[in-house]
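A short write-up of the structure that comes next.
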Amino acid sequence: MKPPCKECDPLWREEFSVRKAGEAYVARCQFTKFLTLTSLGMFVGNLWILAKSFVSRQVSYPEQAIANLGEIPVGGVKVFQYPNPGEQCLLIRTGADEYAAYSQKCTHLSCAVYYSAENNRIECPCHEGYFSIRDGSVLQGPPTRPLPRVVLTRRNGQLIALGMDAEPES
Amino acid sequence: MDPSLPHRRRGLTAINGAMALVVVLVITQVWLLSATLDSFLAGRRSAALPGAIFSGLLFLGCGALYLFILRIERQARKEEREKP
Ligand code: FES
C-alpha cells in the first residue's frame, strides 16, 4: 500500500468525498439549498405578480352602449358581452332608476351566476356562492373574491359600459 | 451553546437551528405569495409591491442562512480532512 501522500488525495477520497460522519452536514446543506431555491422561486412569483399589476394597470376598456334606459323592467336582467366578445356580463335593473352590472363568471370556479330577484342577490348554482347586488361582494359560499363590476354611465338615454372594476365599492 | 459539547455536535446544532429558521421563512413566503396573488386577483394591486419587497427580504434571509450553513459545513469537512 502506498504511504499517504500529503500533497495529493488518494483515489478513494476523490470517489467518496464525504466521510460517513460528515453525511449529516451534507444532507442538511443540500436540503437548505433546496429550500433556498424554493424561496427564490417564490420571490420570482411575487415579482411576476408585481410586473402583471403594472401591466394590467395600463389596460384600457372600450366604451360600449349596452342597453337603452327603460329597456328592461325593474328586477329584469339583460346579458351582454363586455369587454370582449364571449365575456358575458349581467345588467340588472335593481330599481326604477338604478342599474348594476357584473361579470357573469363566478370568482370561485367560473360557473355562470344569475340574478335572484326574490332574494335580491346574485347566486351561483354550482356551490351556492352568493354575491351582493350592491357591490358584488361575497355574501356566502366558497368564493373569496367579489364579482368584477362593470362601471356604467348614462348618455343620451343609453347605458354605457366604461370599464371593469374588480374591487368592491367602499 | 454548551461549550462542553464536542465541536461536531455544536456545528450540527447550529445547522439545525439555521435550517429550522429557513423552513419558517419559506412557509412565511408561501403564505405571502398566496395572499398577494389572492389580492391581485381581487383587483387590489397595491399589495403587489410590498409583497415583492417582503418576499425579497425573506429570500435574502434564506440565502444568508444557507451561506452560514455552507460555511459551517466547509469548516467541518476541512477539520475532517486535517484529522490524521
Ligand atoms: S363556481 Fe360559483 S360557487 Fe363555485
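Numbers restart at 1 for each chain; the letters A, B, ... are given by sequence-line order, proteins then strands. Keep in mind that the numbers below use all heavy atoms, side chains included, and drop hydrogens, waters and symmetry copies.
The distance from atom CZ of A:Arg145 to atom CG of B:Asp38, rounded to the nearest 0.5 Å, is 6.0 Å. One finds the OG1 atom of A:Thr32 at 11.0 Å from the CG atom of B:Leu21 (value rounded to the nearest 0.5 Å). Annotation: the span from A:Ile49 atom CD1 to B:Leu49 atom CG amounts to 12.5 Å, rounded to 0.5 Å. To the nearest 0.5 Å, the span separating CG on B:Leu70 from CZ on A:Arg28 amounts to 15.0 Å. Between atom CG of residue A:Leu40 and atom CG of residue B:Leu60 there is a gap of 10.5 Å, rounded to the nearest 0.5 Å. Considering CZ of B:Phe59 and CG of A:Leu37, their distance stands at 8.0 Å, rounded to 0.5 Å.
When all heavy atoms of B:Tyr66 and A:Cys29 are compared, the closest pair comes out as CE1-O, 3.6 Å. Nearest heavy-atom pair, B:Leu33 versus A:Met42, reported as atom, atom and distance to 0.1 Å: CD2-CG, 3.7 Å. Of all heavy-atom pairs spanning B:Glu73 and A:Val26, the tightest one is OE2-CG2, 3.4 Å. Contact detail for A:Phe43 and B:Ser55: the closest heavy-atom pair is CA-OG, 3.3 Å.
Side-chain contact between B:Thr36 and A:Leu50 is absent, with no heavy atoms from C-beta onward closer than 4.5 Å. Residues B:Gln29 and A:Asn46 are not in side-chain contact: their nearest non-hydrogen atoms beyond the backbone lie 4.5 Å or more apart.
Residue B:Arg74 places its CZ atom among 12 or fewer non-hydrogen atoms of other residues, nucleotides or ligands, all under 6.0 Å distant. The neighbour count for A:Tyr99 OH, taken as heavy atoms of other residues, nucleotides or ligands under 6.0 Å away, is above 12. Other residues, nucleotides and ligands contribute more than 12 heavy atoms inside 6.0 Å of the CG atom of A:Asn84.
Residue pairs meeting the ring pair (Phe, Tyr, Trp, His ring centres under 6.0 Å) criterion with at least one partner in residues 124-157 of chain A, sequence neighbours excluded, are A:His108-A:His127.
With sequence neighbours excluded, the residues forming a side chain to side chain contact (heavy atoms under 4.5 Å, CB included) with B:Leu25 are B:Leu58, B:Cys62, B:Leu65, listed by chain and number.
Residue B:Phe40 touches chain A through its side chain alone, counting heavy-atom pairs closer than 4.5 Å. Contact annotation for A:Thr144: only side-chain heavy atoms (C-beta onward) come within less than 4.5 Å of a heavy atom of chain B.
Taking hydrophobic clusters as Ile, Leu, Val, Met, Phe, Trp and Tyr residues chained together by side-chain heavy-atom distances below 4.5 Å, A:Tyr114 does not share a cluster with A:Tyr102. Residues B:Leu32 and A:Trp48 fall within the same hydrophobic cluster, defined by Ile, Leu, Val, Met, Phe, Trp and Tyr side chains chained together at heavy-atom separations under 4.5 Å. Residues A:Leu162 and A:Met164 are members of separate hydrophobic clusters, defined by side-chain heavy-atom contacts under 4.5 angstrom among Ile, Leu, Val, Met, Phe, Trp and Tyr. Under a hydrophobic clustering in which Ile, Leu, Val, Met, Phe, Trp and Tyr are joined whenever their side-chain heavy atoms come within less than 4.5 Å, directly or via other members, B:Trp31 and B:Leu37 fall into the same cluster. Residue A:Ile160 is not grouped with residue A:Ile66 when hydrophobic side chains (ILVMFWY) are merged at heavy-atom distances under 4.5 angstrom, including chains of intermediate members.
The candidate with the highest count of non-hydrogen atom pairs below 4.5 Å against chain A, out of B:Ile53, B:Ile72, B:Asn16, is B:Asn16.
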